[in-house]
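What follows is a single structure, written as structure tokens, with notes after it.
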Number of protein chains: 2
Amino acid sequence: MSDETLMNAFAALAQPTRLAVFRLLIREGPDGLPAGEIARRLNVPQNTLSAHLAVLARGRLVRSRRKGRHVIYAADLDGVRRLILFLTRDCCHGRPEKCEALVDSLLPACGKAGKKPEQE
Amino acid sequence: MSDETLMNAFAALAQPTRLAVFRLLIREGPDGLPAGEIARRLNVPQNTLSAHLAVLARGRLVRSRRKGRHVIYAADLDGVRRLILFLTRDCCHGRPEKCEALVDSLLPACGKAGKKPEQE
DNA sequence: TTATTGCTTCAATATTTCTAGAAATGACGA
DNA sequence: TCGTCATTTCTAGAAATATTGAAGCAATAA
């Protein structure tokens, strides 16, 4: 993944409206929401939101698909994973023991214990 | 963690020089580097770097400590973990099965298999 | 075709950010 | 006190971003 895309993702999340959109879409899951519905829920003008959605898409944090006359936006979980992988990979760089502790503390947050007890 | 801090962290990483500083410090580990040394390695003027370091500190991505006449900067791993926890926690929200897959794919990146086979 | 809805794109403006140099300040060690 | 290391404050120009109204495009319904 290029630094370009990476910074686009970070920049996209560094703005209140877009952070709110991101959270909303993550919670809505893969079905997503039409752009107009997002605008209504967050009380943001349609064209303003459209610009923000474009920024989020540029950072690969959301994807869009057409459905009738609606454009449905959904969180791009692959994009989120990319972000996390970057943070952990760089974090592990040369210091795997640090990363271990990090991942350990991460697992309970998912409301489920870790898996894959033995697998390289 | 406040949205404020969260956005500060994302904003801090959405800039080439600061991304480079962050990477450098992550790789240097807890010992960190003096501000002047960072400036020299990345070929950035001292005052410019100082401003960037302040932004990174505001996002809790680096910490500083005094050592003689040097100010040592080091990555703040707690801050990184906070960031990851935010991404995963929000990701899990209502859809733990999605998060599971995400964490599974994350573990191998650390060069070590998961632990904690059974723990809530 | 015409009208309407849903959304995007364009154009313009206001605001913020990045960058760097120069100078002042502060903290420390010799 | 003097020299070093670092931060802070000012300056200023270039670039990026946020926002809005108006216009444009796509899909549907009449």
Side-chain angles (χ1 to χ4, degrees), chain A residues 2-25 28 31-76, chain B residues 3-25 28 31-75:
Chain A
S2 67
D3 282 11
E4 190 73 20
T5 312
L6 195 61
M7 286 193 299
N8 282 341
F10 285 131
L13 293 174
Q15 208 274 349
T17 304
R18 288 194 297 260
L19 193 63
V21 172
F22 177 72
R23 268 207 262 246
L24 176 59
L25 289 182
E28 282 302 314
D31 291 347
L33 288 175
E37 178 64 18
I38 301 172
R40 221 166 299 120
R41 293 210 198 174
L42 300 181
N43 202 27
V44 176
Q46 271 196 344
N47 52 356
T48 301
L49 179 74
S50 190
H52 285 309
L53 285 170
V55 174
L56 284 166
R58 192 148 41 93
R60 310 252 176 114
L61 292 168
V62 304
R63 278 171 312 158
S64 65
R65 63 181 191 277
R66 185 132 215 155
K67 191 177 183 184
R69 55 180 120 182
H70 298 270
V71 176
I72 312 285
Y73 281 87
D76 186 339
Chain B
D3 281 12
E4 189 73 21
T5 312
L6 196 60
M7 286 192 299
N8 283 339
F10 285 132
L13 292 174
Q15 206 276 346
T17 304
R18 288 194 296 260
L19 193 64
V21 171
F22 177 72
R23 267 207 262 247
L24 177 58
L25 289 181
E28 282 302 314
D31 292 346
L33 287 175
E37 177 64 19
I38 301 172
R40 222 166 298 123
R41 292 210 199 174
L42 300 181
N43 203 27
V44 176
Q46 273 194 346
N47 57 352
T48 301
L49 179 73
S50 191
H52 284 310
L53 285 171
V55 174
L56 285 165
R58 192 148 39 93
R60 309 253 175 112
L61 293 168
V62 305
R63 279 172 312 158
S64 65
R65 64 181 191 277
R66 185 130 217 157
K67 191 178 183 184
R69 56 182 120 181
H70 297 270
V71 175
I72 312 286
Y73 280 88

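Since the structure is predicted, the reported quantities are computational estimates derived from the model, not experimental observations. In the text below, chain A, chain B and the rest are named by the order of the sequence lines, each starting its count at 1. All values below come from the heavy atoms of this structure, side chains included, with hydrogens, waters and symmetry mates left out.
Within the nucleic acid shown, B:Arg18 comes within 4.0 Å of sugar-phosphate atoms alone, with no base atom in reach, counting heavy atoms only.
Take the nearest nucleotide of DNA chain D for A:Ala11 and for A:Thr48: the residue whose nucleotide is more 5' is A:Ala11.
B:Lys67 places its NZ atom 15 Å from the P atom of C:dC28, with the value rounded to the nearest Å. C:dT5 atom C1' lies 11 Å from atom CZ of A:Arg40, rounded to whole Å. The CG atom of B:Leu13 sits 16 Å away from the P atom of C:dT17 (whole-angstrom rounding). Taking atom CG of residue A:Leu49 and atom C1' of nucleotide C:dT9, one finds them 14 Å apart after rounding to whole Å. Between the CZ atom of B:Arg66 and the C1' atom of D:dC5 there is a distance of 8 Å, rounded to whole Å. The distance between atom CZ of B:Arg69 and atom P of C:dC28, rounded to the nearest whole Å, is 11 Å. Whole-Å rounding puts the B:Asn8 CG to C:dT17 P distance at 10 Å. Going from atom CZ of B:Arg65 over to atom P of D:dA6 covers 13 Å, rounded to whole Å.
Contact annotation: A:His52 does not reach the phosphate of D:dT17 (side-chain N/O to OP1 or OP2, under 4.0 Å). Checking the phosphate oxygens (OP1, OP2) of D:dT19, a side-chain nitrogen or oxygen of A:Gln15 falls inside 4.0 Å. Between A:Tyr73 and C:dT8 there is a side-chain polar atom (N or O) within less than 4.0 angstrom of OP1 or OP2. For C:dC7, one of the phosphate oxygens OP1 or OP2 lies less than 4.0 angstrom from a side-chain nitrogen or oxygen of A:His70.
Distance from the side chain of A:Asn47 is smallest to C:dT9 among C:dA20, C:dT9, D:dA6. Looking at the side chain of B:Gln46, the nearest of the listed nucleotides D:dC5, C:dA20, C:dT8 is D:dC5.
The shortest non-hydrogen separation linking A:Arg65 to A:Ala74 is NH1-CB, 4.3 Å. The nearest pair of heavy atoms linking A:Gln46 to A:Gly36 is NE2-CA, 3.9 Å. The minimum heavy-atom distance linking B:Leu19 with A:Phe10 is given by the pair CD1-CE1, 4.4 Å.
Note that CG of A:Leu53 and CG of A:Leu49 are 4.0 Å apart. Values are rounded to the nearest 0.5 Å.
At least one donor-acceptor pair under 3.5 Å links the side chain of B:Arg18 to the backbone N or O of B:Ala11.
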